[in-house]
Novice: 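Here it is: the structure, laid out below.
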2 protein chains.
Amino acid sequence: MKNSPTELRFTEVSQLTSAIPRAKSNNSPCAACEVRHLAVCSALQDEELKLLDEIVRFVDLSAGDSLFDEGEPAANVYNLTSGTIKLYKLLPDGRRQVTGFLFAGDFLGLAASEDYIYSAEAVTPVSLCKFSRSDLDILMEKAPQLERRLLSLARYELAEAQDQILLLGRKTAKERIASFVLMLSERAVRRGEQDNPVSIPMSRNDIGDYLGLTTETVSRTLTRLRSSRAIVMESDRKVTLVERQVLEEIAEGF
Amino acid sequence: MKNSPTELRFTEVSQLTSAIPRAKSNNSPCAACEVRHLAVCSALQDEELKLLDEIVRFVDLSAGDSLFDEGEPAANVYNLTSGTIKLYKLLPDGRRQVTGFLFAGDFLGLAASEDYIYSAEAVTPVSLCKFSRSDLDILMEKAPQLERRLLSLARYELAEAQDQILLLGRKTAKERIASFVLMLSERAVRRGEQDNPVSIPMSRNDIGDYLGLTTETVSRTLTRLRSSRAIVMESDRKVTLVERQVLEEIAEGF
DNA sequence: CGATACATTGAGGTTTATCAATTTGTGTGG
DNA sequence: CCACACAAATTGATAAACCTCAATGTATCG
């Protein structure tokens, strides 16, 4: 079993966020959810949360575990309550594109049509709330504001996807890496964590597959940003953004 | 004035689709709309179409005209009834990423938040139905199935965006071009046009900015596909897919 | 503490971009 | 309707960015 400080920390967080609601399961775990304010569930009132309680199931995964694979029937949607997940697509020869990373509070399953259009795998230990799509469809009838919330989420994800398209189509390696560490920082803030230093839960290989680069280019580019004093690597998986303004200008292509 | 065969054809189509509904404007232009079955409007019943009639405004643009620019307040949404539009983002030094092309029946404005997150420009002469977002919000109250339709559209666009992310992050120039001509063909079919030969309304430069390549690479890659007998260029702006199966295998990375 | 996976660094190659010239096509005006 | 002007597309030569292959270093985990 993995006992590194990093992994241990994630395990603890996981136990925390899932243990609390589950302890009072007779008493609405969803109402007590620590990440509810971040999640789709924020659209629901107390009454509707009770309906959620009836259909939610909890899932825990270890780092590296697969949640589902591209092409499988999209039977379920999820809310991530702790940890990090990566979504990815594969080409037949093994080339991989990570289409997104999910963190606590993120919803998983919006882009799903009949089948999942990407695979999902735990990057760290994760805890999830799982809903069958049929249950959720029934709930949406009773709670139309849930549909509005999903539309708003979809719009937000579309905007993010277009930023990623700009990044992949036109930005240099340096610009991509700067954009990436800033994105990590902004998303940490959004879920109430410190913005600096930023934890990097995923490997260099995952970062490369997300940014359309190789592991080696990611590593070299981080080294160059380090040499230029824009960042400091506290460890492989933790970075301090020393010159945020400079990083933002690099990221935007100035 | 533009008198080439190509431009003339587009002008004629434009007059057709816009003239018919406008001629019976007392009698529900939206009900008579030729592209309604393709558009968001297909979600609406006769009664609701009359509400649409009250808030719709018609817009025509010439090739090259701008519809709106990134950063402007997103006051309106649109339905494209004929012609082709490109959406794009710019970096400060002028690098451009085309994030999508729109054809007849396509909806424009889903990803809009407070402000437009991309610029929109007519590639050919176009006709559009224009709705103010506030009017549409009111209509959505009366016709909740419109919201459901938009969510379904957003899901579809998200899936498309992820395919584009895979293309930009991991596919070679040859794979990108093959994917592109197949996409053009598939979208032509969806709106009831012939699947082969396929008309290419946009310039090599626009194609490059969409696929993350330069004009020159687009041109060279088309030449190579032509040499390998997978395609035949009927003209600069029209391509016959000779070996569709081969193109599909190239596009998917086999 | 040793084994293993991950990250970094280096040398060299490939793809695609850049710069430049030519060809082709399109639109305008005579 | 034809010729000229201008824009778009193609082709070629060279360069740069990034990838590939390989070796070394470093952190992690049993």
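Throughout, protein chains are lettered first and strands after them, A, B, ... in sequence-line order, and every chain is numbered starting at 1.
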Novice: When you compare the side chain of A:Y88 with that of A:Y210, does any pair of heavy atoms fall below 4.5 Å?
Specialist: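 The answer is no, as the side chains (C-beta and beyond) never meet within the 4.5 Å cut-off.
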
Novice: Taking the nucleotide of DNA chain D with the closest heavy atom to each, which residue, B:N205 or A:T172, is nearer the 5' end?
Specialist: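 This one resolves to B:N205.
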
Novice: Which is true for B:T214 with a 4.0 Å heavy-atom rule: it touches a base, it touches only sugar-phosphate, or it touches nothing?
Specialist: base

Novice: In terms of side-chain heavy atoms of B:D236, which of C:dT8, D:dC19, C:dG25 is nearest?
Specialist: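 Selected nucleotide: C:dG25.
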
Novice: Give a yes/no answer on whether the side chain of B:R237 brings an N or O atom under 4.0 Å of OP1 or OP2 in D:dA9.
Specialist: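 B:R237 to D:dA9 OP1/OP2: side-chain N or O found under 4.0 Å.
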
Novice: Please determine whether a side-chain nitrogen or oxygen atom of B:S219 lies at a distance below 4.0 Å from atom OP1 or OP2 of D:dT11.
Specialist: no

Novice: Rounded to whole Å, please give me the gap between CZ in A:R204 and P in D:dT26.
Specialist: 15 Å

Novice: Evaluate the criterion side-chain hydrogen bond (donor to acceptor under 3.5 Å, both in side chains) for residue pair A:S185 and A:D195; output intermediate values, then yes/no.
Specialist: CA-CA 5 Å; A:S185 174; A:D195 68 329; 4.7 Å; no

Novice: Contact class for A:T223 vs. all strands (heavy atom < 4.0 Å): base, sugar-phosphate, or nothing?
Specialist: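 Result for A:T223 = sugar-phosphate.
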
Novice: Would B:I250 and B:K174 satisfy side chain to side chain contact (heavy atoms under 4.5 Å, CB included), going step by step from the backbone distance to the final call?
Specialist: CA-CA 7 Å; B:I250 294 171; B:K174 189 176 174 188; 3.9 Å; yes

Novice: Considering only D:dT10, C:dA7, C:dT16, which nucleotide approaches the side chain of B:L213 most closely?
Specialist: C:dT16

Novice: Using a 4.0 Å heavy-atom cut-off across all strands, classify A:G212 as base, sugar-phosphate, or nothing.
Specialist: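 Touches sugar-phosphate only.
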
Novice: Just the rounded figure in Å: distance from P of D:dA15 to CD of B:E216.
Specialist: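 Atom-to-atom, B:E216 to D:dA15, this comes out as 16 Å.
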
Novice: Does a nitrogen or oxygen in the side chain of B:T217 sit under 4.0 Å from OP1 or OP2 of C:dT15?
Specialist: no

Novice: Can B:D163 and A:K89 be counted as an ion pair, charged N to O under 4.0 angstrom?
Specialist: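 Yes, B:D163 and A:K89 are salt-bridged.
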
Novice: Looking at A:R220, I'd like to know whether one of its side-chain N or O atoms comes within less than 4.0 Å of OP1 or OP2 on D:dC18.
Specialist: no

